Visitor: 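Right, I'll just put the structure down here and ask away after.
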Amino acid sequence: MHKGEAQTYIVVAEKPSVARSIAKLLKSKGVDAYVTSVRGHVLNADFPEGYEWNSIDPSKLFSVREFRSIISDERSYKELEGVFKKDGALIIATDNDSEGELIGYEILSIYRAIKGNQAPYKRMRFNSTNPGELWRAWNNLEDSLNMNWVMKAMLRQHFDLVTGAAFTRLLTKETRKHKNVRLISWGSCQSPTLGFIVKREKEIMSFKPEPFWYIRVRFRTEDGEEFEAKSENMKDLERAKALWKSVEGQKTGRVLSYDEGKKTIRRPLPLDTDTLLKDLTRITGVSAATLLSVAEELYAEGYCSYPRTETNRFRYDFDFREPIEALVNSDLSKLLGDLNKVRIEPLNGRKDDGAHPPIYPIKPYPKDGSLKRNVWEYIARRFAANVLFSDAELGESETEIRVGDVVVRASGSVITQEGFFKMFEYFIPKETPIPKLSPGDVLEVVKSELKEEKTRPPPRLTEAALLELMEKNGIGTDATRAEYPKIVVERGYAVKRGRSFYPTELGMRLVDALSGVDERLVTPDTRKFVEDFMEMVNRGTKTYDECLEQALRVYEELYKACEANIKRISEALAGAISPTKYKRSANYDFQSNST
DNA sequence: GCAAGGTC
């Protein structure tokens with residue numbers, strides 16, 4: 001084909017980076033196509049006219065079955081309109097997951113509004129952006145979108161919108177009758193996130209510390225090495241005292257057993273988003289939401305690969321040259337050793353989201369002490385540790401020693417093979433050496449004592465712990481999960497002090513009120529509930545219409561139960577609101593530690 | 001102004 005002539009294909013990807021990969025591939029194969037992309041969703045669902053905040057009672061939202069499409073990304077929409085005025089058949093090249101399918105459907109609807117309802121299109125379905133995979137997909141274009149996937153994602157969209165808006169409007173409007181408040185919200189992800197924080201706080205509040213006792217002995221070997229050993233914990237003070245009597249004043253102990261073993265610590269797996277956020281929030285103390293946006297900047301500027309991925313394995317055809325070169329050209333290169341002697345052998349995990357590879361470095365980021373550098377360095381070190389380093393090894397030892405009538409135990413652990421810790425210097429286990437002993441050895445007692453301690457409540461949730469809970473309970477996705485801890489802080493339901501989350505009075509009362517109506521409103525059950533329906537739509541065992549109907553009927557009942565108690569609930573919520581609290585916006589990452 | 005999901 002010649003320049004200026006009509007082009008045959010218009011390929012639309014989900015994001016610019018994928019469009020670039022496809023364009024490069026097609027060009028190399030001599031295929032003439034116009035390749036462009038949107039940036040995620042272009043359209044969003046909203047209620048039809050007449051269902052605005054002040055137009056109707058929120059309960060009416062449960063009977064909405066026809067939703068309005070609104071443009072959520074004006075720029076992408078306009079670009080598509082322009083592109084679709086050209087000649088050429090549409091190829092939908094969005095990600096291979098149900099949200100990608102829905103985005104594809106949005107693209108198709110814009111296309112057909114311009115080209116007519118019968119305008120031809122194809123679906124290009126690929127599981128990675130490697131040239132080989134893209135070429136395979138290009139030669140196996142599918143005739144249509146997977147409508148089960150589209151409807152599955154749409155069910156999620158509509159259920160979350162109706163329930164979220166209904167409860168949020170009810171709670172906000174009713175509380176405003178007592179106090180001026182910006183927003184009191186409920187949602188299938190944010191509410192269980194807050195639920196986790198409140199649940200932990202209640203465990204701490206109701207925790208009754210119980211005393212326990214143990215005997216601690218400090219020994220010295222013939223070589224003059226000292227170490228400590230402890231008896232089991234005892235809840236019974238009388239028993240502890242009796243045993244202590246047999247130990248008190250003893251000058252020696254006798255070694256009953258001494259065993260050594262080895263423990264392998266596997267090198268880290270290829271990096272997915274959840275792991276990146278959990279680890280970095282522990283390393284830096286910065287919020288997951290901020291960290292993800294920093295990772296996105298690194299990606300946008302070409303320092304690392306796409307940072308939103310659930311994949312923790314490298315495909316067989318992954319090209320390791322680029323990331324390794326990034327390492328070689330960086331200040332980390334001195335840790336690499338002689339690369340000619342190193343095997344390229346990643347330790348793979350089992351997850352593959354079918355759209356993106358694990359996160360890896362692409363080019364060096366300068367050592368400037370910034371947060372961005374910390375994030376890049378973590379990505380780079382993790383990649384190197386996974387691909388170029390060996391497992392580490394701990395030497396572990398255990399001994400039992402008799403003193404009087406008591407057996408005390410000590411265990412030691414030392415790093416015997418540094419392995420990947422040379423590169424990945426995070427979370428290195430503490431070494432607790434104990435001397436080498438033999439059964440029958442007699443040890444000098446340097447000091448012995450009967451100690452009292454109290455059981456301690458569980459700690460408050462850190463962001464890493466919260467993300468872990470969300471992940472385990474199916475709250476949010478890898479791309480959205482970081483948002484919810486941020487939301488519960490911004491809405492005034494919780495505060496982050498140091499690295500821990502504390503519910504506010506409002507947060508506590510909100511969870512109390514909702515769980516008083518039904519536990520499902522503050523547990524992961526809502527998410528599970530809607531996802532079971534989504535799965536039915538996916539499999540085709542039930543239609544979208546049936547599922548939306550049934551799911552909303554259940555939540556309409558919960559809404560009514562909430563409404564029946566709304567006077568008491570709204571008074572309780574209003575009672576927790578002090579006007580000043582809402583003036584300052586909670587700055588998530590720079591909370592003072594001193595309140 | 002509401003949710004959660006994409007992505008910038």
Side-chain angles (χ1 to χ4, degrees), chain A residues 13-19 37-47 51-56 58 60-62 64 67 70-76 79 94-107 149-150 152-176 180-194 273 292-301 306-309 353 355-356 470 474-484 486-488 490-491 521 526-527 530-531 534 551-552 555 559 582:
Chain A
E14 185 164 322
K15 47 189 160 273
S17 63
V18 175
S37 84
V38 291
R39 282 166 291 270
H41 284 284
V42 191
L43 305 177
N44 196 6
D46 203 353
F47 298 113
Y51 285 83
E52 291 77 19
W53 196 275
N54 286 318
S55 312
I56 44 128
K60 296 280 184 292
L61 296 175
F62 285 97
V64 173
F67 294 84
I70 57 165
I71 299 165
S72 59
D73 183 348
E74 193 76 40
R75 193 177 131 204
S76 290
E79 280 170 12
T94 48
D95 288 358
N96 189 18
D97 52 42
S98 66
E99 290 295 330
E101 214 69 4
L102 179 55
I103 292 169
Y105 187 71
E106 295 164 12
I107 294 165
W149 266 17
V150 172
K152 172 189 172 180
M154 211 175 262
L155 177 68
R156 191 260 325 140
Q157 212 175 41
H158 294 164
F159 176 87
D160 283 340
L161 174 62
V162 169
T163 54
F167 280 99
T168 299
R169 288 184 189 182
L170 175 69
L171 293 167
T172 304
K173 284 170 128 175
E174 292 296 326
T175 308
R176 278 189 194 160
N180 186 20
V181 56
R182 200 184 43 160
L183 194 73
I184 303 210
S185 54
W186 179 88
S188 62
C189 289
Q190 58 173 270
S191 297
T193 302
L194 175 62
T273 309
L292 185 54
S293 75
V294 170
E296 276 159 4
E297 271 177 49
L298 286 168
Y299 158 70
E301 293 161 15
Y306 191 68
R308 281 184 290 248
T309 173
D353 66 14
H356 312 286
M470 294 167 68
I475 304 296
T477 68
D478 58 320
T480 61
R481 220 163 274 141
E483 284 301 310
Y484 301 109
K486 191 177 163 188
I487 283 177
V488 300
E490 284 173 351
R491 301 268 161 96
L521 294 175
T526 300
R527 209 63 243 155
V530 66
E531 251 153 62
M534 285 163 68
L552 287 184
Y555 273 72
Y559 177 92
Y582 279 82

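Just so it is clear: chains get the letters A, B, ... in the order the sequence lines come, proteins before strands, and each one is counted from 1. For clarity, every value in this text was computed on a predicted model and none was experimentally measured.
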Visitor: Compute the centroid of each ring, for A:Tyr559 and then for A:Phe167, and state whether the two points are separated by less than 6.0 Å.
Guide: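 Here the rings of A:Phe167 and A:Tyr559 have centres that are less than 6.0 Å from each other.
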Visitor: Hey, which sits more toward the 5' end of DNA chain B by its nearest nucleotide, A:Phe47 or A:His41?
Guide: A:Phe47
Visitor: Under 4.0 Å between any heavy atoms, over every strand shown, what does A:Glu14 touch: base, sugar-phosphate, or nothing? Just pick one.
Guide: sugar-phosphate
Visitor: Could you check whether A:Ala45 gets within reach of a base, just the sugar-phosphate, or nothing at all, counting any heavy atom under 4.0 Å?
Guide: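 It contacts base atoms.
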Visitor: Considering only B:dA3, B:dG6, B:dC2, which nucleotide approaches the side chain of A:Ala479 most closely?
Guide: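 Ranking B:dA3, B:dG6, B:dC2 by closest atom to the A:Ala479 side chain puts B:dG6 first.
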Visitor: Need one value for A:Gly476: base, sugar-phosphate or nothing, where a base atom within 4.0 Å counts as base even if backbone is also close, heavy atoms only.
Guide: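 Since only primed, P, OP1 and OP2 atoms lie under 4.0 Å of A:Gly476, the category is sugar-phosphate.
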Visitor: Please work out if A:Glu297 contacts a base, only the sugar-phosphate, or nothing of the nucleic acid, heavy-atom cut-off 4.0 Å.
Guide: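 No contact at all - A:Glu297 keeps every heavy atom at 4.0 Å or more from the nucleic acid.
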Visitor: From B:dG1, B:dT7, B:dA3, pick the nucleotide closest to the side chain of A:Ser185?
Guide: B:dA3
Visitor: Looking across every strand, which nucleic acid part, if any, lies under 4.0 Å from A:Asp73 by heavy atom: base, sugar-phosphate, or nothing?
Guide: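 Base contact.
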Visitor: What is the nucleic acid contact for A:Pro16, judged by heavy atoms within less than 4.0 Å: base, sugar-phosphate only, or nothing?
Guide: sugar-phosphate
Visitor: Check for me whether A:Lys15 meets the cation-pi criterion with A:Tyr306, that is, NZ or CZ under 6.0 Å from the six-membered ring centre and within 45 degrees of the ring axis.
Guide: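 Yes, A:Lys15 and A:Tyr306 form such a contact.
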Visitor: Identify whether any heavy atom of A:Asp478 sits under 4.0 Å from a base atom; if not, whether one sits that close to sugar-phosphate; answer base, sugar-phosphate or nothing.
Guide: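 Since no nucleic acid heavy atom lies under 4.0 Å of A:Asp478, the category is nothing.
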Visitor: Nearest-nucleotide wise, let me know which of A:Gly187 and A:Asp95 is further upstream toward the 5' end of DNA chain B.
Guide: A:Gly187
Visitor: For B:dA4 and A:Thr480 - does any side-chain N or O of the residue sit under 4.0 Å from the phosphate oxygens OP1/OP2?
Guide: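 Checking B:dA4 against A:Thr480, no side-chain N or O comes under 4.0 Å of OP1 or OP2.
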Visitor: Reckon A:Tyr484 has a side-chain N or O less than 4.0 Å from the OP1 or OP2 of B:dA3?
Guide: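 For B:dA3, neither OP1 nor OP2 has a side-chain N or O of A:Tyr484 closer than 4.0 Å.
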Visitor: Measure from the side chain of A:Thr477, starting at C-beta and using heavy atoms only, and say which of B:dG5, B:dC2, B:dT7 lies closest.
Guide: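 So the nucleotide nearest the side chain must be B:dG5.
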Visitor: Give me the atom names and distance for the closest heavy-atom approach of A:Ile184 to A:Val181.
Guide: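 Looking at all heavy atoms of both residues, the shortest contact is CG1-CG2, 3.9 Å.
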Visitor: Within the structure, does a side-chain N or O atom of A:Gln157 lie under 4.0 Å from either OP1 or OP2 of B:dA3?
Guide: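 It does not, given that no N or O in the side chain of A:Gln157 lies less than 4.0 Å from OP1 or OP2 of B:dA3.
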Visitor: Measure from CD1 on A:Ile71 to P on B:dT7 and round the result to the nearest Å.
Guide: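 The distance from CD1 of A:Ile71 to P of B:dT7 comes to 20 Å, rounded to the nearest Å.
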Visitor: Please identify each residue that fulfils salt bridge (charged side-chain N to carboxylate O under 4.0 Å, His left out) with A:Asp73, with sequence neighbours left out.
Guide: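 So A:Asp73 forms a salt bridge (charged side-chain N to carboxylate O under 4.0 Å, His left out) with A:Arg39.
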Visitor: Please pick, from B:dG1, B:dG6, B:dA4, the nucleotide with the shortest atom-to-atom distance to any side-chain atom of A:Arg176.
Guide: B:dG1
Visitor: Give A:Tyr306 one of three labels, base, sugar-phosphate or nothing, depending on what nucleic acid heavy atoms sit under 4.0 Å from its own.
Guide: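 Here A:Tyr306 touches the backbone only, sparing every base.
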Visitor: When we call it a touch if two heavy atoms are under 4.0 Å apart, what does A:Asp46 touch: a base, just sugar-phosphate, or nothing?
Guide: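 Base contact - A:Asp46 has a heavy atom under 4.0 Å of at least one base atom.
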Visitor: Can you list everything that forms a salt bridge (charged side-chain N to carboxylate O under 4.0 Å, His left out) with A:Glu483? Sequence neighbours excluded, please.
Guide: none
